[in-house]
2 protein chains.
Amino acid sequence: MPVERVRRRIPEATVARLPVYLRILVEQANLEVENISSEGLAELAGVNAAKVRKDLSYLGSYGTRGVGYEVAFLVYQIRRELGLTHDWPVVIVGAGNLGQALAGYGGFGERGFPVAGVVDIDPAKLDSVIGGVRVRHIDDLGQIVQSRQVSIGVVATPPAAAQDAADRLVRAGVTSILNFAPVVLGVPHGVSVRKVDLAVELQILSYYEQRRVGVGFHAIGSNDSGRGASA
Amino acid sequence: MPVERVRRRIPEATVARLPVYLRILVEQANLEVENISSEGLAELAGVNAAKVRKDLSYLGSYGTRGVGYEVAFLVYQIRRELGLTHDWPVVIVGAGNLGQALAGYGGFGERGFPVAGVVDIDPAKLDSVIGGVRVRHIDDLGQIVQSRQVSIGVVATPPAAAQDAADRLVRAGVTSILNFAPVVLGVPHGVSVRKVDLAVELQILSYYEQRRVGVGFHAIGSNDSGRGASA
DNA sequence: CTGACTTTGTGAACGTGTGCACATGTGCCT
DNA sequence: AGGCACATGTGCACACGTTCACAAAGTCAG
Ligand SMILES: NC(=O)c1ccc[n+]([C@@H]2O[C@H](COP(=O)([O-])OP(=O)(O)OC[C@H]3O[C@@H](n4cnc5c(N)ncnc54)[C@H](O)[C@@H]3O)[C@@H](O)[C@H]2O)c1
Ligand SMILES: NC(=O)c1ccc[n+]([C@@H]2O[C@H](COP(=O)([O-])OP(=O)(O)OC[C@H]3O[C@@H](n4cnc5c(N)ncnc54)[C@H](O)[C@@H]3O)[C@@H](O)[C@H]2O)c1
């Protein structure tokens, strides 16, 4: 009886690396590379080969022993697993310094995250056009989210307004938030939040920089794959 | 014999949280709060109270049982541990969309990371002034790094130029790099790299968003402290 | 068809991080 | 002075993540 296969849960750490593999694989596909070994992919991603194999094994056994992985097929599988088979329109709250840079950046649309809207509370910002999108009033948020089926919101307001922005996003129906303001957002169950805090990143670098007194190197991880080696 | 106490190694995960505690503690200090309990701090930071205590215990036993931690003193200790007792000037490579937003953002200087310089390779970008800093040619990088004692560099160039930017930073003497380009940078031993990849963040959100079919919530961690609860 | 070679997929050992639970220390109130 | 309430600091068990090492599975040349 072909019961729909139960979705394996993929470890958090693996989920964070899959996008990196995906980017590299797409690049390789553009270079007409047809197959890639775990070692080759590991090299390009700056990680251990065993880690690559274990990560990919969560998707299923899609490699061929003695050969490696078929690039195009892996791209397809990772896309599917990450939910990138369709676009995820994004709405940006806050059309300041950062909001404008984000909205004007073409890289998101290319990767399946088109900017469905940019909203701001400041009347002076309204109706300017950034990256082909007109800045609208924050009261239009609900309408934008509904009509464009937005489920991801980006908070790019000053820290003091970030919780308000998040509340409005949630009320409008958004269920995932990427937060650039240096504050901890409170959200209801059922809503995911990821934060990007640049000052924190610099402070972490500062910590290792400070310790680097006479001593050698540090590979830094956590967020990502820091690494030493080569040049 | 007062031998200089051997520096305890602080776990990576703790180092990543200390800046968050620090920000909250500074806020509390501004609100004239004198003492704070691990529970209170945990609440504000969106983490477990035991974790807060363990994290702080790596700095030493600076709490008072029955009372909590003295805010001002903790601020001092965390600053010291993170190496924030003095400023860390930063040089930004790439004066595009993002580089301009970063350079124009006052928040870094406030937190001890003044922008010592912004460089670009495109003659058209030269001599424009962003956030009080004039954009200079990338050939001036060495001079800027030397004269301002810069040890942290920010890469905000297109992906194709990122490795070149990193190489130049390293050659100029920079030993920590914050990379915004979606590529894996190769650097020599002794150089730390952290990367911020916004597309990756969105793709991680996409993964959890996709799975949210009927099911409840997800707290997302890794980078940070995602969280569920309240509104 | 055989055998040498390549590379995957994964069991198992290890290391790191988390969170409970509680003994221990501190301040306050009577 | 003594007792009580409170909050820290940490031992311990468990969960999660990483890496090694190797059998199994496949390729390819002759
Ligand atoms: N610019 C950077 O490079 C940078 C770097 C790190 C962090 N950040 C953080 O990103 C956030 C935005 O930074 P920025 O430099 O763009 O700030 P900004 O002041 O330039 O822009 C903030 C925008 O948000 C709008 N806004 C204010 N309250 C709002 C509300 N309630 N609803 C909707 N919009 C509202 C403002 O009108 C303004 O246009 C801040 O929290 C900042 O700390 C920015
Ligand atoms: N803008 C965003 O919101 C955003 C978001 C996510 C990621 N990024 C990434 O950040 C990076 C910068 O993005 P952007 O939008 O600012 O791009 P951009 O094209 O606007 O700016 C890039 C700048 O780098 C300069 N440059 C090119 N080669 C250089 C070199 N070898 N040395 C020094 N400078 C050089 C260019 O002259 C240009 O001014 C890209 O890698 C992009 O993928 C940007």
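Below, chains carry the letters A, B, ... as their sequence lines are ordered, and counting in each starts from 1.
- Remark: Tyr69(A) engages no residue in a side chain to side chain donor-acceptor pair (under 3.5 Å) (not counting sequence neighbours).
- Counting 5' to 3', DNA chain D first comes under 4.0 angstrom of a heavy atom of chain A and last does so at the ends given by dG17(D) to dT27(D).
- With hydrogens and angles ignored, no donor-acceptor pair closer than 3.5 Å exists between the side chain of Arg65(A) and the base of dT7(C).
- Summarising the geometry, atom CD1 belonging to Ile78(B) is positioned 6.0 Å from atom CG belonging to Leu56(B); distances are rounded to the nearest 0.5 Å.
- Comparing Val67(B) and Val67(A) against DNA chain D, the residue whose closest nucleotide sits nearer the 5' end is Val67(B).
- Within residues 68-76 of chain B, the residues approached by DNA chain D to less than 4.0 Å at the level of any non-hydrogen atom are Gly68(B), Tyr69(B), in residue-number order.
- Smallest separation of non-hydrogen atoms from Ala172(A) and Leu141(A): CB-CG, 4.2 Å.
- By the side chain to side chain donor-acceptor pair (under 3.5 Å) test, Arg111(A) is found to be paired with no residue, residues two or more places apart in sequence or in another chain being considered.
- Between Arg17(B) and Glu12(B) there is no salt bridge, since no side-chain N of the basic residue sits under 4.0 Å from a carboxylate O of the acidic one.
- Looking at Ser38(A) and Arg53(A), their side chains do bring a donor and an acceptor atom within 3.5 Å of each other.
- In the region residues 49-58 of chain B, proximity to DNA chain D at under 4.0 angstrom, judged on heavy atoms, holds for Arg53(B), Lys54(B), Ser57(B).
- At a threshold of 4.0 Å, the pair Arg168(A)-Asp164(A) counts as salt-bridged, since one of the basic side-chain nitrogens sits closer than that to a carboxylate oxygen.
- Listed pair Ser38(A) / dT8(C) meets the phosphate criterion, a side-chain N or O lying under 4.0 Å from OP1 or OP2.
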Ignoring hydrogens and angles, write down the donor-acceptor pairs under 3.5 Å from the side chains of residues 175-183 of chain B, residues two or more places apart or on other chains.
residue   : atom : partner   : partner atom : Å
Thr175(B) : OG1  : Glu209(A) : OE1          : 3.2
Thr175(B) : OG1  : Glu209(A) : OE2          : 2.5
Ser176(B) : OG   : Glu209(A) : OE1          : 2.4
Ser176(B) : OG   : Arg212(A) : NH2          : 3.3
Asn179(B) : OD1  : Ala181(B) : N            : 2.9
Asn179(B) : ND2  : Ala181(B) : O            : 3.1
Asn179(B) : ND2  : Val183(B) : O            : 3.2

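- Nearest heavy-atom pair across Val20(A) and Ala45(A) is CG1-CB, 4.3 Å.
- Relative ring orientation between Tyr105(B) and Phe108(B) is described as perpendicular, the plane-to-plane angle rising above 60° on a 0-90° scale split at 30° and 60°.
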